[in-house]
Amino acid sequence: MRDNIFRFFASLLFLTGTTSAQEMGSHWGIGAFLDYNRSMFQLKDWYESGRGEVGAVFTYTVNPRLSVEVEYHRSKFNNGTLEARAFTWSVDGNEYVSPHAVSQMQINSFLVNAIIRGGGSGILQRGRYAPYLTVGTGFYDYKTDVQGLIFPGQKSEPLDQTLQIEPFSDTRTALGANMGLGVEAFAFDNISVDLRVRYNVLLGELRPMEAWGLSGQTFPLQFWNLRGGLRFYFEK
């Protein structure tokens, strides 16, 4: 898999690298961003949305049409649906919600992305902007924490709401990919504002919680995010 990733980005460099020497010297840059996450499909049954989180990128600009960036990104999804979901107790047939339930998920991603700009776009020039397509791949390390759930397997009445399932944390690392659209606007020759919307897919799944109506059919995990950030460029 790592060889395929390397060949993918090597191909991008080959296809766009012929103009780099004539049009613009190579630059590198650093940046930071904030974003908003929203879950999709099966993941939406578990977590609706994530709070604003932070990330950082290192960028290498090959030429006006192509940049390659290395990204670290942290996302957090709070207030999972388990906190408000009821289970049906088989003894009396009534539904019960766990009043002290807490469910959250944190994702740390380490990605390599290609930024592919359209023809005629302007970069590293004050007052210019550059729309782009971005595609990338890498590893998403995700952790789910659940606690405070009433144990639904009790057999005698009344239901003891202080008897809870042992808190658990699941940590997994999954290969993933992303693609999106963005625009980079240059406030100064070497400082830009970067806006991007992106779709992410992870080859991972969550532990099923059948008593609460959450099956194990969560593969793959999918979410999209909207982000804004600043980049600072330096000549190589």
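All values below were derived from every heavy atom in this structure, side-chain atoms included, with hydrogens, water molecules and symmetry-related copies excluded.
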Problem - Ser67: which of Arg231, Arg117, His27 passes side chain to side chain donor-acceptor pair (under 3.5 Å) - result: Arg117
Exercise for the section: Kindly say whether Gly176 contributes a backbone atom to a donor-acceptor pair with the side chain of Thr137 at under 3.5 angstrom? Expected result: yes
Handout entry: Side-chain donor-acceptor contact under 3.5 Å, Asn113 with Thr134
Key = no
Problem - Centroid-centroid under 6.0 Å between Phe234 and Trp28 rings - result: yes
Practice task
Using modelled atom types only, decide if a donor and an acceptor are shared between the side chain of Arg172 and the backbone of Tyr142 within a distance under 3.5 Å.
Solution key: no
Problem - Same apolar cluster (I L V M F W Y, side chains within < 4.5 Å links), Ile115/Leu111 - result: no
Exercise for the section: Spell out, yes or no, whether Ile123 and Tyr233 are grouped together once hydrophobic residues are joined by side-chain heavy atoms under 4.5 Å, including indirect joins. Expected result: yes
Practice task
Assign the ring pair Phe77 / Tyr47 to parallel, tilted or perpendicular, where the plane angle (0 to 90°) is split at 30° and 60°.
Solution key: tilted
Practice task
Go through the side-chain N and O atoms of Thr218 and Glu205 and say whether any donor and acceptor fall under 3.5 Å apart.
Solution key: no
Exercise for the section: Would you check, one step at a time, whether the test side chain to side chain contact (heavy atoms under 4.5 Å, CB included) holds for Leu82 with Leu214? Expected result: CA-CA 9 Å; Leu82 268 174; Leu214 294 172; 3.8 Å; yes
Exercise for the section: State which residue, out of Phe110, Phe33, Phe223, fulfils the ring-ring contact (aromatic ring centres under 6.0 Å, His included) condition with His73. Expected result: Phe33
Handout entry: Heavy-atom side-chain proximity of Arg74 to Gln106 below 4.5 angstrom
Key = yes
Practice task
Examine distances only and state if a side-chain atom of Ser169 and a backbone atom of Asp145 form a donor-acceptor pair shorter than 3.5 Å.
Solution key: no
Problem - Reported NZ-to-CD distance for the pair Lys44 and Gln42, which is rounded to 0.5 angstrom - result: 12.0 Å
Exercise for the section: Please report the closest heavy-atom contact between Ala86 and Glu95, naming both atoms and the distance. Expected result: CB-CB, 3.9 Å
Practice task
Could you walk me through whether Gln154 and Trp89 pass side chain to side chain contact (heavy atoms under 4.5 Å, CB included), step by step?
Solution key: CA-CA 8 Å; Gln154 301 177 47; Trp89 193 30; 4.0 Å; yes
Exercise for the section: Find out whether Phe41 and Gln222 are in side-chain contact, i.e. whether some heavy atom of one side chain is under 4.5 Å from a heavy atom of the other. Expected result: yes
Practice task
Taking only Lys NZ, Arg NE, NH1 and NH2, and the carboxylate oxygens of Asp or Glu, determine whether Asp170 and Arg207 approach each other closer than 4.0 Å.
Solution key: yes
Exercise for the section: Would you sort out whether Asp189 and Leu124 count as a side chain to side chain contact (heavy atoms under 4.5 Å, CB included), showing the intermediate values? Expected result: CA-CA 5 Å; Asp189 288 347; Leu124 297 171; 5.7 Å; no
Exercise for the section: Would you sort out whether Asp194 and Arg196 count as a salt bridge (Lys or Arg N to Asp or Glu O under 4.0 Å), showing the intermediate values? Expected result: CA-CA 7 Å; Asp194 185 21; Arg196 183 182 308 184; 3.3 Å; yes
Exercise for the section: Step through it carefully: locate the ring centre of Trp224, locate the ring centre of Tyr199, and say whether they are under 6.0 Å apart. Expected result: no
Fill in the blank from the handout: Rounded to the nearest 0.5 angstrom, the CZ-CD distance for Phe87 and Glu210 is 15.0 Å
Exercise for the section: Return the minimal non-hydrogen interatomic distance between Ile165 and Trp212, and the atom names on each side. Expected result: CD1-CH2, 3.6 Å
Handout entry: Where Pro167 and Gln147 come nearest, the two heavy atoms and their spacing
Key = CB-CB, 3.7 Å
Fill in the blank from the handout: What one should report as the nearest heavy-atom pair of Gly180 and Leu133 is O-CD1, 3.3 Å
Completion exercise
Distance col, row Phe186:CZ vs Ile191:CD1, nearest 0.5 angstrom, shows 10.5 Å
Problem - Path from Leu66 to Val57 over hydrophobic side-chain contacts below 4.5 Å - result: no
Exercise for the section: Indicate yes or no: at least one non-hydrogen side-chain atom of Gln161 is less than 4.5 angstrom from one of Tyr96. Expected result: yes
Problem - Transitive ILVMFWY side-chain link Leu226 to Val201, under 4.5 Å - result: yes
Practice task
Side-chain contact test, heavy atoms from C-beta onward, threshold under 4.5 Å: evaluate it for Val102 versus Glu83 and give yes or no.
Solution key: yes
Practice task
Could you please spell out the steps behind the side chain to side chain contact (heavy atoms under 4.5 Å, CB included) verdict for Leu206 and Leu221?
Solution key: CA-CA 8 Å; Leu206 302 179; Leu221 304 178; 4.1 Å; yes
Exercise for the section: Would you tell me whether Thr162 and Asp160 have side-chain atoms, one donor and one acceptor, within less than 3.5 Å of each other? Expected result: yes
Problem - Donor-acceptor contact present, side-chain Ser98 to main-chain Ile150, <3.5 Å - result: yes
Practice task
Using the rule that two of Ile, Leu, Val, Met, Phe, Trp, Tyr join whenever any of their side-chain heavy atoms come within less than 4.5 Å, decide whether Leu159 and Met209 are in one cluster.
Solution key: yes
Fill in the blank from the handout: Rounded to the nearest 0.5 Å, the CD atom of Gln104 sits from the CH2 atom of Trp46 at a distance of 14.5 Å
Practice task
Apply the test salt bridge (Lys or Arg N to Asp or Glu O under 4.0 Å) to residues Arg198 and Glu71: give CA-CA distance (whole Å), side-chain angles for both, the deciding distance (0.1 Å), then the verdict.
Solution key: CA-CA 14 Å; Arg198 185 169 65 175; Glu71 170 189 344; 2.9 Å; yes
Practice task
To the nearest 0.5 Å, tell me how far Glu184 CD sits from Tyr129 OH.
Solution key: 13.5 Å
Problem - Asp45 and Thr81, any side-chain heavy atoms less than 4.5 Å apart - result: no
Practice task
With rounding to the nearest 0.5 Å, note down the distance linking CD1 in Ile107 to CG in Asn37.
Solution key: 7.0 Å
Exercise for the section: Determine whether the side chains of Tyr72 and Asn108 contain a donor N or O and an acceptor N or O closer than 3.5 Å. Expected result: yes
